[in-house]
Each structure stands twice: as structure tokens, then as C-alpha cells.
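Inspection log for the structure reproduced underneath, given as C-alpha cells.
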Amino acid sequence: MKNKILLVSAILLITIGFGGCTASFSTNSTANKAAASTPANSAKPAANTAAAPKTEKPKSVVENEKKPAGTAKTAKKDVPIPADWLYVYDESKGYGFSVPTGTTQETDNRDGVDFSAFTTPSGIDIFALAYKDKTLTKENLLKDAVDFLQGMGQKVTPGTLKGESDDYAVADATTVLEDGSKGKLRIMVGTDVSDNYILIIGTDPDKFAANEKIIDEIWGSFEMWSGGTSGQ
């Protein structure tokens, strides 16, 4: 979508305060390694607060992360991930997933909250939210994703969640930005006892079909290292 979903999100994420929610990916940079030690906040995404200036950050190419030892709950184990893809891991939030080689990212920080917007070589935008709240259901998380986008001026029409497992569910959505441009999204939600995850992946509607296999490989590779709904 020429970064319409994600880069608009990245620009405005600084302005919405985020209610303590962290949109964070670990990279090999010193700044993000330090941020990984920041305690997780427990509030969910907030919408619509006063604007603040954006700090421009250069794009960087994603570097491969080493998976931690142990067993994770994977979103969709039967989706094969290309061998040359890169693994992105957030140690502080307990999740990781894979992206195509050549994917770029933009990162920033506000009030101790890190965020990154990712763009694949084929123009897929990726955005993630991670926060704690043991009362939330998958339907709550889908509503949070919709509220988050709508809080940034987008009109979102979500589809119905389809359960992939006890831990994960997926829904498609369409979005219209303030300038009238459109997007198509696939939203993955995952939850364990207290940790909640939202992965928003989108592109232009006319590019979605051509990129659908890659989109499914991205969310299908998502892993929770915190244990899943049972906490085990």
C-alpha cells in the first residue's frame, strides 16, 4: 500500500500515547537491546490524543535474530517458511515471527515505548501490538485492532474471526484512509493467560492476491514464547 497503513501508523503512533501498549520488535541495535529490559505495560491501545512532532528515523534492513531455546506456540505450523527468510524476535514481549529477506524497518521511541514499521520487498506492511490484560478474548483483540486503526482516522470494516487454534484467530478487513485510498488487511490475534498479541498485515487491494501466500507465511510464522492460552 506504499506504506499507507503502516507508515501512517508509525507517524501517528507517537501522537496517540498508546495507553502503555507496546508495538515493539527487537533488533540487533544497541538502543533496542536496552529497551528490551523495560518492563511490559499492561494497558491496551488508546486512540485520539493530542499530536506531537515525529522524529524522523532512517530505514534499515532487518537483521536475522536467533530463536531462543525451548518450545513456542506457533500460529500455523503447516505453513512452510522459506529458508532464506529472517527471524524477528522481541525478547521482552515473548514473541517472534519471520519476514522476507530485504524487509526494511523504521523504529522510534517515545516515553520508553519502542515501535517499528516493517515493509517487505513486495510492498506488504506489517504492524504489531503486544500488551498484557488477562481479561481479553480474541474478539476483544480484534476490536482493539479496529479501534487502533480508526483512532488514526481510518475507516475499517472487519470480517469474522476464524479460529486457527485455542491460541490464535485471523480475520480479514478492509480500510479506507482519510485521503480515500484503500487497503486490505489480514489481522492475526493471539492470547495466552495474560499476554495479548495483534499482527496487522496489509497491502493495496489490487496487490493482495499476489501477496497472499507471503502474508499467510508471515502471520503463520508468529510464535508466542509465553506459553499460549494455558500458560504452558
*Check Val189 against Leu142 and note the closest heavy-atom contact, atom names and distance.*
CG1-N, 3.9 Å
*asked:* Using modelled atom types and a 3.5 Å cut-off, is there a donor and acceptor pairing between side-chain atoms of Thr203 and backbone atoms of Phe208?
replied: no
*asked:* According to side-chain contact (heavy atoms from CB on, under 4.5 Å), who are the partners of Ser122, at least two apart in sequence or on a separate chain?
replied: Thr120, Ile124, Asn211, Ile214
*With sequence neighbours left out, write down each residue that passes side-chain hydrogen bond (donor to acceptor under 3.5 Å, both in side chains) with Thr160, or none if nothing qualifies.*
none
*Nearest atoms (heavy-atom pairs only) where Ala169 meets Gly163*: CB-CA, 4.0 Å
*When rounded to the nearest 0.5 angstrom, what is the spacing between CD1 in Ile187 and CD1 in Ile200?*
5.5 Å
*What orientation do Phe127 and Phe148 show, parallel under 30°, tilted 30 to 60°, or perpendicular over 60°?*
parallel
*Identify the two heavy atoms, one from Ala173 and one from Pro158, that lie closest to each other, and give their separation to 0.1 Å.*
CB-CA, 3.8 Å
*Minimum heavy-atom distance Ala75-Met188, with the two atoms named*: CB-SD, 4.0 Å
_Using only atom types and a distance under 3.5 Å, with no angle test, would you say the side chain of Asp204 pairs donor to acceptor with the backbone of Asp206?_
no
*asked:* Can a donor-acceptor pair be found, under 3.5 Å and without considering hydrogens, that links the side chain of Asn196 to the backbone of Asp133?
replied: yes
*Residue list, side-chain hydrogen bond (donor to acceptor under 3.5 Å, both in side chains) with Lys143, at least two apart or on another chain*: Asp147
_Gap separating the OG1 atom of Thr103 from the CD1 atom of Ile126, nearest 0.5 angstrom_ = 6.0 Å
*Does the side chain of Tyr168 come within less than 4.5 Å of Trp219's, by heavy atoms?*
no
*Donor-acceptor pair, Tyr197 side chain versus Lys93 backbone, under 3.5 Å?*
yes
*How far does CG of Asp195 sit from CG of Leu136, to the nearest 0.5 angstrom?*
11.0 Å
*May I ask you to check whether Asp144 and Tyr131 show a side-chain donor-acceptor distance below 3.5 Å?*
yes
*Rounded distance [0.5 Å steps], CG in Leu199 versus CD1 in Ile218*: 8.0 Å
*asked:* Under the rule for side-chain contact (heavy atoms from CB on, under 4.5 Å), what residues qualify as partners of Thr157, not counting sequence neighbours?
replied: Thr174
_Worked check of side-chain contact (heavy atoms from CB on, under 4.5 Å) between Asp172 and Leu185_ = CA-CA 6 Å; Asp172 284 351; Leu185 312 172; over 6 Å; no
*Minimum heavy-atom distance between Gln105 and Phe118, given as atom pair plus value*: OE1-CZ, 3.3 Å
*asked:* To the nearest 0.5 Å, what is the distance between NZ on Lys184 and CD1 on Ile201?
replied: 13.5 Å
*Can you check whether Tyr87's main-chain N or O pairs, donor with acceptor, with Asn64's side chain at less than 3.5 Å?*
yes
_Between Thr74 and Lys77 (side chain of the first, backbone of the second, donor and acceptor by atom type, cut-off under 3.5 Å), is there such a pair?_
no
*Is a side-chain donor or acceptor of Thr104 paired with a backbone partner of Val61 at a separation under 3.5 angstrom?*
no
*When rounded to the nearest 0.5 angstrom, what distance separates NZ in Lys73 from OG1 in Thr191?*
11.5 Å
*List the steps and the verdict of side-chain contact (heavy atoms from CB on, under 4.5 Å) for Asp167 and Met224.*
CA-CA 9 Å; Asp167 304 306; Met224 292 187 292; 3.6 Å; yes
*List the atom of Ser98, the atom of Ser221, and the distance in Å for their closest heavy-atom pair.*
N-OG, 2.8 Å
*asked:* Tell me every residue that passes salt bridge (charged side-chain N to carboxylate O under 4.0 Å, His left out) with Lys76, counting only those two or more places apart in sequence or in another chain.
replied: Asp78, Glu164
*Can you pull the salt bridge (Lys or Arg N to Asp or Glu O under 4.0 Å) pairs that have at least one residue in residues 210-223, sequence neighbours excluded?*
Lys67-Glu223, Arg186-Glu212, Arg186-Asp216, Lys213-Glu217
